[in-house]
Amino acid sequence: MSENYQPHEIEVKWQQRWDETQIYRSRVDWDRPKHYALTMLPYPSGDLHIGHWFAMTPSDARARWMRMRGYNVLFPMGFDAFGLPAEQAAISRNIHPWKWTYSNIERMREQLRSMGAMFDWEREAISCTPEYYKWSEWFFKKFYEVGVAYRGSALVNWSETLQTVLANEQVIDGKDERTGQPVVHKMMEQWFFAITKYADELLDFDILDWPEPIKIMQTNWIGRSEGARVSFRTEVGDHPIEIFTTRPDTLWGSTFMVLAPEHELVDIITSEAQRAAVEHYIDEIAAETEIERMMEHREKTGVFTGAYAINPVNDERIPIWIADYVMITYGTGAIMAVPAHDQRDFEFARAQDLPIRVVIQPAAMEDLLSDEDMAEAYDGPGTMVNSDAMDGSVSSKDKGRANPAIGRVIDWLEATGKGEESVNYRLHDWLISRQRYWGGPIPMMYDGDEIIPVPDEDLPVVLPEDVDFMPTGRSPLTYHEPFFKVDDSVRRETDTLDTFMCSSWYQLRYLSPHCDTAPFDAEEAAYWLPVDVYTGGAEHAVMHLLYTRFFTKVLRDIGVFDEAAAVMRQKGRDPERAFDEPMTVLRNQGQVLGAERQGDYVLCSGRSVGAKMLANRVEVVGWNETPAGFDGCFGEIVHRTENVLHLDMAGVTQFVEVPPDAEIIIPDIPGRNNVNQLRHHLEIQRMSKSKGNVVNPDQLVEKYGADAVRCYLMFNFDWQKGGPWNENNIKGPQGWLHDVWEIAAKGAPAVEGDPAGERDIERKLHQTIAVVNRGLEEFSFNTAIAEQMKFKNALKAALRERRIGPAAWKDVMNQLIRLMAPFAPHIAEELWERLGFEYSAHLQAWPAYDADKAREEQVELVVLINGKPRGTIEVAVDIERERALELAVSSEAAQRGLAGKAPKRTIFIPGRNGTDPKVNIVV
RNA sequence: GCCUCCGUAGCUCAGGGGUAGAGCGCUCCCUUGGUAAGGGCGAGGUCAUGAGUUCAAAUCUCAUCGGAGGCUCCA
């Protein structure tokens with residue numbers, strides 16, 4: 001073996017060989033423990049992005065590791081192929097979404113193969129194929145049968161830009177999540193999934209090992225609050241106003257009511273005298289966007305409707321206002337205003353000169369509130385006052401029934417029939433229909449008002465190809481008569497499914513993507529489910545990750561998993577809770593950010609040598625701090641080679657050589673500075689086409705090889721954090737691979753080695769195994785690789801010092817290659833073969849960690865004087881306390897520190913894994 | 001405004017009550033028959049700041065400053 005490391009050649013070669021020998025096929029094997037590793041499936045948007053590599057290759061490394069540890073691993077891949085991006089791209093390029101999507105998929109498949117991941121392509125699933133969406137449709141029907149899918153009228157988000165409705169989860173700050181364009185509220189009849197029925201169960205994360213932020217985000221999104229519903233009579237006939245409150249203990253302090261301007265009662269209750277003012281206000285609000293309305297700290301505006309309501313707790317007559325600080329989308333769209341105890345109501349009352357009444361008094365006398373001179377609302381604990389029979393009840397800081405006053409008032413409301421305990425959710429039902437073309441058809445038909453599900457035997461309802469899909473605000477399928485016309489009276493639903501529905505169950509389709517009698521094969525499901533480790537971006541926190549949990553729970557409740565559960569029982573596995581959640585462990589990767597040039601601005605003075613300046617002084621200054629009349633160079637450092645700075649001077653590049661004796665002044669860094677402390681590095685930014693900082697993985701693979709790119713991505717970032725791209729840093733992992741190659745290429749050493757040296761390297765190997773295991777376990781891929789680099793350095797040194805013999809060398813190489821196999825699969829396989837081991841490296845067992853072999857025998861006993869290290873003594877690893885103290889106190893370092901005095905106190909700290917034992921001598 | 005996480009070498013990051021670590025970068029030397037390279041030596045850190053706890057604090061506590069992410073008229 002003598003050639004150089006040629007990544008490209010060996011990578012292509014092994015990818016083919018792996019394919020041919022099918023070593024990544026995953027098959028049910030009840031005798032082996034299973035591991036379902038899943039990484040979020042890509043959208044076939046065109047080219048594979050470096051972000052895909054960043055997400056997928058570490059996941060692949062971990063899946064490979066699990067496999068080598070004896071697990072039967074399923075690691076599938078597919079495409080989330082329906083949806084607006086394809087349709088928008090198709091519109092702008094004037095090609096059919098099928099074509100666009102399929103050519104992208106073909107291209108991305110090839111790119112995915114170049115990663116050298118252990119994807120089982122036999123299990124590939126593509127959500128826009130009829131074989132796939134047949135089952136999306138089938139699920140929809142099942143949901144309809146049990147009332148989870150329903151058609152209803154609701155205020156929905158309408159995007160003018162996209163000409164379709166969107167789910168709440170796809171609207172962020174009043175803007176469409178994808179295009180950033182504003183959405184408006186519209187009353188429309190649409191299809192919904194009753195996700196709110198599962199709100200409480202979705203709040204239970206007991207069996208989930210998920211990142212805390214995701215759980216918090218889902219919890220906030222679901223937004224459960226406990227309180228009461230109370231109905232206020234109005235003076236305009238039988239039109240009561242329903243309100244929800246979390247503070248029923250403040251009911252007596254309600255001095256007015258506020259309806260959202262969109263509330264359906266506004267028109268009914270408004271008095272003739274106020275009608276013009278109310279309509280004017282509503283017009284004004286309508287002209288504002290949702291975004292403007294949600295701006296914080298804006299002046300509270302509103303208008304009186306002329307109507308009054310009766311507060312049921314004290315029969316008081318209170319005015320009804322409308323104001324835009326009350327949102328139609330939350331609660332009932334109406335509130336009882338308690339200005340004394342709610343800051344928003346307080347501000348409104350002050351602005352409109354409405355009365356304020358204190359009904360909760362704080363405990364301390366000096367804090368007592370008065371209606372007239374409150375500066376702000378009081379929402380702390382206290383005692384109920386001005387509340388008739390409830391006076392004296394103690395309102396604590398607690399929410400819901402945990403607060404005694406609230407509990408007492410709720411009981412009283414229910415006993416008197418004035419109200420009832422209630423839970424309100426911020427979460428709304430999932431709006432599932434879209435007025436767009438590129439989605440799964442909704443398998444429903446209409447005969448007049450009657451809804452008729454498409455019979456099972458007619459599934460799938462196939463999405464026709466010859467459709468004009470330009471958006472018009474109506475579903476493109478409404479213009480396609482052969483599709484929608486079933487017969488003279490029956491027509492098909494022409495809206496399509498939200499793509500998030502299709503991606504809510506893809507993990508199930510991977511189990512048996514070609515199964516045409518069921519969405520998935522029961523035995524496969526029984527064996528593989530649930531997903532053991534799911535990896536992907538945190539941006540899906542309240543969309544995909546919430547939807548798929550909901551979906552799984554519905555499927556469980558309608559019995560879709562029953563057969564799989566039966567198989568489990570039959571195989572002696574416990575199906576209890578196996579189908580409650582789709583993915584038990586979730587980890588989010590961070591984002592690889594783009595780099596943008598950003599160096600220090602410097603003033604350089606010196607003398608010109610040809611085109612170059614030879615500087616004697618370089619000072620870092622602000623970007624616009626050129627002193628008038630300055631004679632020298634001023635500009636941004638855009639690059640540096642050794643001690644030559646490349647300055648950008650208003651578009652012209654100036655070279656400045658900085659000799660070692662030049663004075664360098666960096667205000668942020670005190671003391672003497674040197675040239676490499678100057679910032680010539682890159683500023684981080686999101687990668688985007690418009691910034692031109694998108695990194696193309698194909699070119700990197702071409703240049704460095706897939707293994708180096710994989711290792712760079714795993715080594716140079718904290719995977720869960722992400723960070724800035726810096727191609728220069730690829731040299732680190734590249735050097736590692738190169739060195740390992742060289743060590744292997746040199747072949748077995750021709751010396752005998754020495755036992756101590758071999759023992760030493762064995763110890764280091766086992767210490768490395770432990771760290772690599774921990775790194776992979778904890779998704780800390782960077783530490784796992786750093787440790788292997790260290791081991792490589794140690795091995796290299798030992799070989800140089802001729803301390804390793806041929807037998808030990810071969811054994812170490814064998815283990816070293818297996819250790820690197822999950823990270824750099826191609827080079828590992830190549831070296832494995834070249835060293836004469838049997839194919840394949842990836843079918844080997846993971847090196848076993850042996851704690852005895854990892855243990856140090858001789859360690860340094862550290863002598864500390866007053867906690868400061870002052871010297872070391874070589875001792876046995878298991879040295880005992882008495883002996884250590886004796887040695888330490890009599891050591892030269894200690895004697896020097898003690899200067900003849902007796903130690904005041906001595907403390908022995910035994911060494912534990914990896915750390916040296918210590919003795920602290922207090923003088 | 002609230003919540004979560006984070007400030008360690010020039011950069012990217014490990015570690016974490018008991019000697020300050022890795023890779024890259026940088027200096028100097030060697031090699032110039034692995035060569036759009038290789039080898040060796042080395043420099044560089046008040047572990048953000050300030051207080052507290054301790055025999056001992058980069059590590060634990062509190063405060064301050066700085067950064068990232070999330071939530072935010074949620075009744």
Side-chain angles (χ1 to χ4, degrees), chain A residues 2-5 173 211-214 216-217 219-221 223-225 227 243-247 250 258 293-298 300 323-327 329-338 342-345 347-348 424-426 538 541 590 640 642-643 660 666 669 673-682 715-718 720-724 726 728-736 738-739 742 745 771 775 780 782-783 785-787 789-790 793 796 800 860 862-872 903-907 909 911 914-923:
Chain A
S2 59
E3 314 103 271
N4 298 334
Y5 174 38
D173 293 337
E212 216 51 45
I214 300 286
I216 291 168
M217 278 190 258
T219 303
N220 289 342
W221 183 261
R224 181 192 157 97
S225 34
I243 61 108
F244 170 78
T245 177
T246 54
R247 293 294 306 273
T250 64
V258 187
R293 272 186 69 173
M294 302 223 306
M295 296 252 300
E296 221 177 332
H297 305 306
R298 67 199 294 255
K300 296 266 182 303
D324 69 346
Y325 80 92
V326 174
M327 301 288 153
T329 50
Y330 185 78
T332 62
I335 61 161
M336 63 154 185
V338 184
D342 181 286
Q343 185 60 22
R344 295 153 300 170
D345 297 344
E347 285 165 23
F348 190 73
N424 189 67
Y425 300 94
R426 185 182 181 275
R640 173 167 65 87
E642 306 219 348
N643 62 343
I666 306 173
I669 309 171
N673 304 123
N674 69 44
V675 70
N676 52 38
Q677 284 172 296
L678 291 166
R679 277 160 47 105
H680 58 99
H681 63 90
L682 306 161
F715 172 68
N716 238 270
F717 301 85
D718 175 339
Q720 299 185 64
K721 256 198 262 175
N726 182 352
N728 205 32
N729 284 340
I730 231 173
K731 284 183 192 163
Q734 194 188 21
W736 170 48
H738 194 95
D739 281 359
E742 288 300 328
V771 174
S780 178
N782 48 356
T783 59
I785 291 184
E787 205 62 21
M789 288 179 172
K790 281 199 234 174
N793 288 340
K796 221 165 116 174
R800 193 168 51 239
E860 308 258 275
V862 181
V863 181
L864 306 155
I865 308 292
N866 287 336
K868 302 273 176 278
R870 286 291 177 265
T872 60
K904 206 192 261 177
R905 197 173 157 187
T906 51
I907 296 132
I909 309 107
T915 71
D916 295 329
K918 288 149 200 99
V919 171
N920 190 16
I921 299 166
V922 184
V923 182

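Below, chain A is the first sequence line, B the second, and so on; all start at residue 1. As a basis for the values below, the full set of heavy atoms in this structure was taken, side chains included, without hydrogen atoms, waters or symmetry mates. For clarity, every value in this text was computed on a predicted model and none was experimentally measured.
Taking atom CG of residue A/Asp718 and atom P of nucleotide B/C13, one finds them 7 Å apart after rounding to whole Å. Atom CH2 in A/Trp736 sits about 16 Å away from atom C1' in B/C13, given to the nearest Å. The distance from atom CD1 of A/Ile216 to atom P of B/C5 is 8 Å, rounded to the nearest whole Å. The separation between A/Met327 atom CE and B/C74 atom P is 9 Å, rounded to whole Å. Between the P atom of B/C6 and the CZ atom of A/Phe717 lies a distance of 20 Å, rounded to the nearest Å. In this structure, the CG atom of A/Asn220 is 10 Å from the C1' atom of B/U72, given to the nearest Å. Atom CZ in A/Arg224 sits about 19 Å away from atom P in B/C74, given to the nearest Å. Nucleotide B/G17 holds its C1' atom 12 Å from the CD1 atom of A/Ile907, rounded to whole Å.
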**Message:** I'd like to know whether A/Val338 forms a side-chain contact (heavy atoms from CB on, under 4.5 Å) with A/Arg247, so could you lay out the CA-CA distance, the side-chain angles of the two residues, the decisive distance to 0.1 Å, and finally the verdict.
**Reply:** CA-CA 9 Å; A/Val338 184; A/Arg247 293 294 306 273; over 6 Å; no
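Nearest heavy atoms, A/Gly331 versus A/Asn424: CA-OD1, 3.6 Å. Scanning all heavy atoms of the two residues, the minimum distance from A/Gly722 to A/Phe717 falls at C-CD2, 3.7 Å. Taking every heavy atom of both residues into account, A/Arg426 and A/Trp221 meet most closely at NH1-CE3, 3.0 Å. A pairwise comparison of heavy atoms in A/Ala334 and A/Ile243 identifies O-CG2, 3.6 Å as the closest pair. When all heavy atoms of A/Ala337 and A/Val258 are compared, the closest pair comes out as CB-CG2, 4.3 Å.
Distances were taken from every side-chain heavy atom of A/Arg344 (C-beta onward) to each of B/A75, B/C13, B/G23; the shortest belongs to B/A75. Counting only heavy atoms from C-beta on, A/Val862 has its side chain closest to B/U19 among B/C74, B/C24, B/U19. Side-chain atoms of A/Val326 lie closest to B/A75 of the nucleotides B/G70, B/C73, B/A75. Comparing B/C24, B/A75, B/C13 against the side chain of A/Lys731 picks out B/C24 as the nearest. Taking the side chain of A/Lys790 as heavy atoms from C-beta on, and the options B/U12, B/A14, B/G21, the nearest nucleotide is B/G21. Side-chain proximity of A/Arg905 to B/C74, B/C55, B/G70: nearest is B/C55. Closest contact between the side chain of A/Lys300 and the listed nucleotides B/C73, B/A14, B/C71 involves B/C73. In this structure, of B/C55, B/A75, B/A14, it is B/C55 that holds the atom nearest to the side chain of A/Asn920. Nearest to the side chain of A/Leu864, among B/G23, B/C13, B/U19, sits B/U19.
For A/Thr246, no side-chain nitrogen or oxygen approaches OP1 or OP2 of B/C74 to under 4.0 Å. The phosphate of B/G23 has OP1 or OP2 within less than 4.0 Å of a side-chain N or O from A/Asn793. Under 4.0 angstrom from either OP1 or OP2 of B/U72 there lies at least one side-chain N or O belonging to A/Arg426.
Applying the Watson-Crick and G-U wobble criteria (two distances, each under 3.5 Å), B/U32 pairs with nothing in any strand. Pairing for B/G69 is with B/C3, a Watson-Crick or G-U wobble pair whose two hydrogen-bonding atom distances lie under 3.5 Å. A 3.5 Å limit on both hydrogen-bonding distances identifies B/U64 as the Watson-Crick or G-U partner of B/A48. Summarising the base pairing, B/G21 is matched to B/C13 through a Watson-Crick or G-U wobble pair whose two defining distances lie under 3.5 Å. With both pairing distances under 3.5 Å, B/C41 is matched to nothing as a Watson-Crick or G-U wobble pair.
Nucleotides B/C24 and B/A37 are separated by 14 Å at their P atoms, to the nearest Å. Look at the P atom in both B/G23 and B/A14: the space between them is 16 Å, to the nearest Å. Comparing the same atom, P, in B/C73 and in B/G17 gives a spacing of 41 Å after rounding to whole Å. Distance noted for atom P between B/A36 and B/G69: 43 Å (whole Å). Using atom C1' as the reference point in both B/C74 and B/A57, the two lie 44 Å apart (nearest Å). Here, B/U46 and B/C2 have their C1' atoms 34 Å apart, quoted to the whole Å. To the nearest whole angstrom, the two P atoms, one in B/A56 and one in B/U19, are 15 Å apart. Atom P of B/C29 sits at a distance of 49 Å from the matching atom of B/C65, rounded to the whole Å.
The shortest side-chain heavy-atom distance between A/Pro733 and A/Met789 falls under the 4.5 Å cut-off. Using a 4.5 Å heavy-atom cutoff, the side chains of A/Ile909 and A/Ile907 are in contact.
Contacts of A/Asp345 with the nucleic acid, taken as non-hydrogen atoms under 4.0 Å apart, are absent. Residue A/Glu742 is in base contact, counting any heavy-atom pair closer than 4.0 Å across all strands shown.
For B/C55, its base never sits under 3.5 Å from the side chain of A/Lys904 at any donor and acceptor pair.
Of the N and O atoms on the side chains of A/Tyr325 and A/Arg344, not one donor lies less than 3.5 Å from an acceptor on the other residue.
Panel note: side chain A/Asn782, backbone A/Asn716; no donor-acceptor pair is recorded below 3.5 Å.
Annotated as anti: B/G38, whose glycosidic dihedral deviates from 0 by more than 90°.
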Using the 3.5 Å cut-off, write out each protein N or O paired with an N or O of nucleotides 39-42 of chain B and the distance between them.
{"residue": "B/G39", "atom": "OP1", "partner": "A/Lys796", "partner atom": "NZ", "Å": "2.5"}
{"residue": "B/G40", "atom": "OP1", "partner": "A/Arg800", "partner atom": "NH1", "Å": "2.4"}
{"residue": "B/G40", "atom": "OP1", "partner": "A/Arg800", "partner atom": "NH2", "Å": "3.2"}

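Of the inter-residue distances, the one linking A/Ser225 atom OG with A/Phe244 atom CZ reads 4.5 Å to the nearest 0.5 angstrom.
Ranked by how close their nearest RNA chain B nucleotide is to the 5' end, A/Asp342 and A/Val922 are led by A/Val922. Of the residues near RNA chain B, A/Glu787 and A/Gly722, the one whose nearest nucleotide (by heavy atom distance) lies more toward the 5' end is A/Gly722.
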